[in-house]
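Remember, it's 1-based here, ligands and their atoms both numbered in the order they're listed.
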Amino acid sequence: MKVLVIGGGAREHAIVFALKKGGAKIYSVMKNENPGIKRASEEFLIHDENDAEKIADYARRKNIELAIIGPEAPEQHGVANALLEKGIKVASPTKEAAEIETNKEFMRWLMDKYRIKGSVKSKAFDDVSMAKEFIEMLDGEVAIKPIGLTGGKGVKVAGDHFNSIEEAVEYAKEVIEKGIGGMHRVLIEEKVVGEEFTLQAFCDGQAVYPMPAVQDHKRLLPDDKGPNTGGMGSYSHKSGILPFMSIDDYEIATNILQKIVDALRNEGREYRGVIYGQFMLTADGPKVIEINARFGDPEAMNVLPLLKNNFVEMCDAMANGDLTNSCIDFEAKSTVCKYVVPSGYGINPKEGIEIEVDEDSIKKENALLFYASVNEKDGKIYTTRSRSLAIVGIADEIEDAEKICEAGLKHVRGDVFIRHDIGKKELIEKRIKHMKMLRGE
Ligand code: AMP
Ligand code: GLY
């Protein structure tokens, strides 16, 4: 089957890897020349990933049968809609269904309207003085969010990014006045405390089929310090849940995703594709932090290599709106993924510098390599301002997966930065302790 993949990051490289394993002929559209995707593709187009008409024309010309969209921005720009109009099947949501991610106010509104448990107190404002009143009512214990997309970097949280009501109001004002996230409006949410986890699920418009839970690390620096990033790395456990959560928590989160999909269908926005829940596990159970309309990056790299089913068939079934006969199965293994980013990433990244990647040695360590936002010129790899590549280790235990990941990372050289603490025992034990403390155990 001819499958078109939109996006040129490590998540899309992982998608391509899984599709290729399933026998697909890959075509890609990406804005950077990802060496991994390039080599796996029959053909690729370097172009704006948000240009719906051009992508749909390209797909039509190449007789593409099925498409999958990696990032959220092309979904918002109606790439799925344009492909569907040309009669091409798409394993990703339309822009109307993807609003569950692209409009944070809509997400909270939908959860409130359908009384879906696991939401938090929230309100959106375009007036600073009213936003201030709400912030005061919540004693400054808030998260301040642009309504639209900001590449994971627009949210600020009390205690992490500001320390007073005045600073909170200042940021709310900035979001409104500058139109951060594309709207002169801000969402204020009650801050919740706990441990975060990601639950991704396949969805055919009707039912959700959950994947193993993953924990991402959004903060730039070791020990969860520094600014938020697109994600610095992630891990998962062979049990399918994480060391600080229970099966009940996993089931509650799955149920929340199911109710959201039901609500979307009821609103005439049938959701087909992978759906992603970012949850905070609190003393009071899982709370929704955000819903994404796609695989997570890096979380796709934790789950896709473990998928036992043929991923092409899974995508086809999602696009056809019928996953009912798919018995979805993952290998019972633990995974650790760490991103390599250019020095200065998140503040002032070093762009256009060469990094040396010894692919053969990485393979010999049994680690997986997924290229992200780099460019390949004359056989050499150069950084951009975004994340460069990710290395994944897979083993029975997290500890061994982490060692494989680190062994792979030794074969990447250059002026780069890595959060080496991800997947290490100390950090995971800290999470378990934190959760026990919150639960009063
Ligand atoms: P988002 O872009 O919505 O995922 O937010 C980025 C990060 O901010 C999340 O991963 C959380 O760590 C944090 N965050 C977002 N919303 C809240 C909230 N209501 N309470 C506490 N932390 C939050
Ligand atoms: N890992 C966070 C995201 O994909 O949004």
Participant: Using a strict 4.0 Å threshold on nitrogen-to-oxygen distance, state whether Asp224 and Arg431 make a salt bridge.
Facilitator: yes
Participant: Are the charged groups of Asp48 and Lys31 less than 4.0 angstrom apart, N to O?
Facilitator: no
Participant: Parallel, tilted or perpendicular: which fits the ring planes of Phe370 and His13, with parallel below 30° and perpendicular above 60°?
Facilitator: perpendicular
Participant: Does the distance from a Lys or Arg side-chain N to an Asp or Glu carboxylate O, for Lys338 and Glu406, drop under 4.0 Å?
Facilitator: yes
Participant: Do the side chains of Arg108 and Glu189 get close enough for a salt bridge, i.e. N-O under 4.0 angstrom?
Facilitator: yes
Participant: Taking NZ, NE, NH1 and NH2 as the nitrogens, is one of them in Arg219 or Asp421 under 4.0 Å from a carboxylate oxygen of the other?
Facilitator: no
Participant: So, Ser343 and Asp415: side-chain donor and acceptor under 3.5 Å apart, yes or no?
Facilitator: yes
Participant: Quick one: table the atom pairs, ligand 2 N or O against protein N or O, below 3.5 Å, distance rounded to 0.1 Å.
Facilitator:
from     : atom 1 : to     : atom 2 : distance (Å)
ligand 2 : 1 (N)  : Asp216 : OD2    : 2.8
ligand 2 : 1 (N)  : Asp297 : O      : 3.0
ligand 2 : 1 (N)  : Glu299 : OE1    : 2.7
ligand 2 : 1 (N)  : Glu299 : OE2    : 3.2
ligand 2 : 4 (O)  : Arg294 : NH1    : 3.0
ligand 2 : 4 (O)  : Asp297 : N      : 2.9
ligand 2 : 5 (O)  : Asn292 : ND2    : 3.2
ligand 2 : 5 (O)  : Arg294 : NH2    : 2.9

Participant: Would you indicate whether the side-chain heavy atoms of Tyr382 and Val374 approach each other to under 4.5 Å?
Facilitator: no
Participant: Residues around ligand 1, heavy atom under 4.0 Å from any ligand atom, sorted by chain and number. Can you pull those?
Facilitator: Lys104, Ala143, Lys145, Val155, Val157, Glu189, Glu190, Lys191, Val192, Glu196, Lys218, Asn228, Met280, Ile289, Glu290
Participant: So do the side chains of Arg265 and Tyr271 get within less than 4.5 Å of each other, counting heavy atoms only?
Facilitator: no
